[in-house]
Asker: 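Before anything else, here's the structure in question.
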2 protein chains.
Amino acid sequence: MSTTSRRRLSTAEERRETVLATAIGAFAARGYFGTSTVDVAKRAGISQAYVYRLFPDKETLFVAVVAHCFARVRAALEAGAARADGSSPEAVLSAMGLAYAELIRDRDLLLVQLHGQAAAVSEPAVREGMRAGYARLVEYVRGASGGSDAEVQRFFAVGTLCHLVVSLGADEVDAPWTRTLNEGIRHP
Amino acid sequence: MSTTSRRRLSTAEERRETVLATAIGAFAARGYFGTSTVDVAKRAGISQAYVYRLFPDKETLFVAVVAHCFARVRAALEAGAARADGSSPEAVLSAMGLAYAELIRDRDLLLVQLHGQAAAVSEPAVREGMRAGYARLVEYVRGASGGSDAEVQRFFAVGTLCHLVVSLGADEVDAPWTRTLNEGIRHP
DNA sequence: GCCATGAGTGATTGAATACTCACATGTCCA
DNA sequence: TGGACATGTGAGTATTCAATCACTCATGGC
């Protein structure tokens, strides 16, 4: 049986993908410094030692997780743009915003971005990964929407405001200040 | 000589303030989980043991540092508003924005806010402190400027965009994407 | 001068952490 | 079928960290 369907062991590549996917939840909660490789291993259902077979060190793993999240955001924006009702910058940006709002109903993706930002301050490799991720994202949004600098900037400003709202759980508090920050932003 | 000027020892209250001020630099770099109390102690020029005389635990210290930063931001906004050229919401918000831009030429204040956000995700006490800080800040900005919800929201959206730019050092990179995110925002 | 009180520290502890290595077990092809 | 190679782990090591404690010295009121 040469087929992979009867294997008990995964291939290393499959495992790496599993780890990338499950590590999102780990890093989303406590960030780069606050998350241990033991925690990552537990969530992936493998031993801590094997994490180090799949990734050379914790930093590389974290950067890979961040890149993985960027890729998913990018994919969501593409899908959203494809569903846009018209091709004006406003229509496309609005559709992308909607798609992003949909995507981050799972808060973890967004929280990894936030923790990526935080870790970027002191960890050069993370900073590089974050810069690359945002560079591609900004260029994609600009290109796909045809929006002006100001429009694209506004798009990302709203995105970072979402980071704030979600990280504080401000969407779960009903108060004047939370209503002000939430107004017009959709995160159901 | 009952005066304090000849004391060699500080009062505990003075020390606490020193620690709060110097700990900003420590936490700004690596955040709540990434910063050790040894580092905080070193920067304050005291022993690590004494940190625990001044604050019951690391979490309380961090929350106090965050509150300290909020107070400084608030003070800067007040001073900015006082210098506003006119009393229209636009004028006041613009003056506040300028004052904020001035304030965060020292990146540490801003970075503590970012790391406060990050730690708020998993640490309830931090989340409470951050919520309280933003609640007061939003209400202050609303009250002092008389701006609409949308205007106030925009003010904070630009603020969080600054977090992103500074945390990635995007203001030190000259590229199309950084120019887009930076456009019209002043952080000299 | 004496001593109660407060400022400040060195030494330590027990738990966690990133990372390693020797070893076991599964897979697949000649 | 055997053996080369890949998947996977248990049991570490050395280090770091938050928190504690017993202790020393300085200050100021009496």
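Only heavy atoms go into these numbers, but all of them, side chains included; no hydrogens, no water, no symmetry mates. The structure displayed is predicted, hence computed values, not measured ones.
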Asker: I need the CZ-P distance between B:F55 and C:dG8, as an integer number of Å.
Answerer: 13 Å
Asker: Taking only the side-chain heavy atoms of A:A12 (C-beta and beyond), determine which of C:dT9, D:dG10, D:dT7 contains the nearest atom.
Answerer: D:dT7
Asker: Please tell me whether A:S36 and A:D39 have a donor and an acceptor in their side chains that are separated by less than 3.5 angstrom.
Answerer: no
Asker: Please report, rounded to the nearest Å, how far the P atom of C:dC21 is from the OH atom of A:Y50.
Answerer: 18 Å
Asker: Taking all atoms of both residues into account, what is the closest heavy-atom pair of A:V92 and A:A144, and its distance?
Answerer: CG1-O, 3.8 Å
Asker: Return the minimal non-hydrogen interatomic distance between A:R131 and B:G169, and the atom names on each side.
Answerer: NH2-O, 3.2 Å
Asker: So if I take residues 112-125 of chain B and measure heavy-atom distances to DNA chain C, which residues fall below 4.0 Å?
Answerer: none
Asker: Can you measure A:E14 atom CD to C:dT27 atom C1' for me and round it to whole angstrom units?
Answerer: 13 Å
Asker: Taking atom P of D:dG8 as reference, at what distance in whole Å does atom CZ of A:R16 sit?
Answerer: 11 Å
Asker: I'd like to know if B:R136 and B:E139 make a salt bridge, using a cut-off of under 4.0 Å between side-chain N and carboxylate O.
Answerer: no
Asker: Consider the side chain of A:R53, meaning its heavy atoms from C-beta on, and name the nucleotide among C:dG10, C:dC23, C:dT20 that approaches it most closely.
Answerer: C:dC23
Asker: Less than 4.0 Å between a side-chain N and a carboxylate O, is that true for B:E183 and B:R179?
Answerer: no
Asker: Could you tell me which residues satisfy salt bridge (charged side-chain N to carboxylate O under 4.0 Å, His left out) with A:R16, sequence neighbours excluded, listed by chain and number?
Answerer: A:E13
Asker: Just the rounded figure in Å: distance from C1' of C:dC19 to CG of A:D39.
Answerer: 17 Å
Asker: Looking only at the side chains, is there a donor atom on one of B:T37 and B:Q48 sitting less than 3.5 Å from an acceptor on the other?
Answerer: yes
Asker: Do you know the tightest heavy-atom contact between A:V126 and A:A120?
Answerer: CG1-N, 3.7 Å
Asker: Enumerate the protein-to-nucleotides 16-19 of chain D contacts in which both atoms are nitrogen or oxygen and the separation is below 3.5 Å.
Answerer:
residue : atom : partner : partner atom : Å
D:dA18  : OP1  : B:T35   : O            : 3.3
D:dA18  : OP1  : B:K58   : NZ           : 2.7
D:dA18  : OP2  : B:T37   : N            : 2.7
D:dA18  : OP2  : B:T37   : OG1          : 3.0
D:dA18  : N7   : B:Q48   : NE2          : 3.3
D:dA19  : OP2  : B:Y52   : OH           : 2.8
D:dA19  : OP2  : B:K58   : N            : 3.0
D:dA19  : N7   : B:Q48   : NE2          : 3.2
D:dA19  : N6   : B:Q48   : OE1          : 2.7

Asker: Take atom CD of A:E13 and atom C1' of D:dA6, then tell me their distance rounded to the nearest Å.
Answerer: 14 Å
Asker: Between A:E151 and A:R142, does a salt bridge (charged side-chain N to carboxylate O under 4.0 Å, His left out) hold up when you go through it step by step?
Answerer: CA-CA 9 Å; A:E151 284 171 315; A:R142 190 212 311 289; over 6 Å; no
Asker: Using whole Å, report how far CD1 of B:I46 lies from P of D:dA26.
Answerer: 18 Å
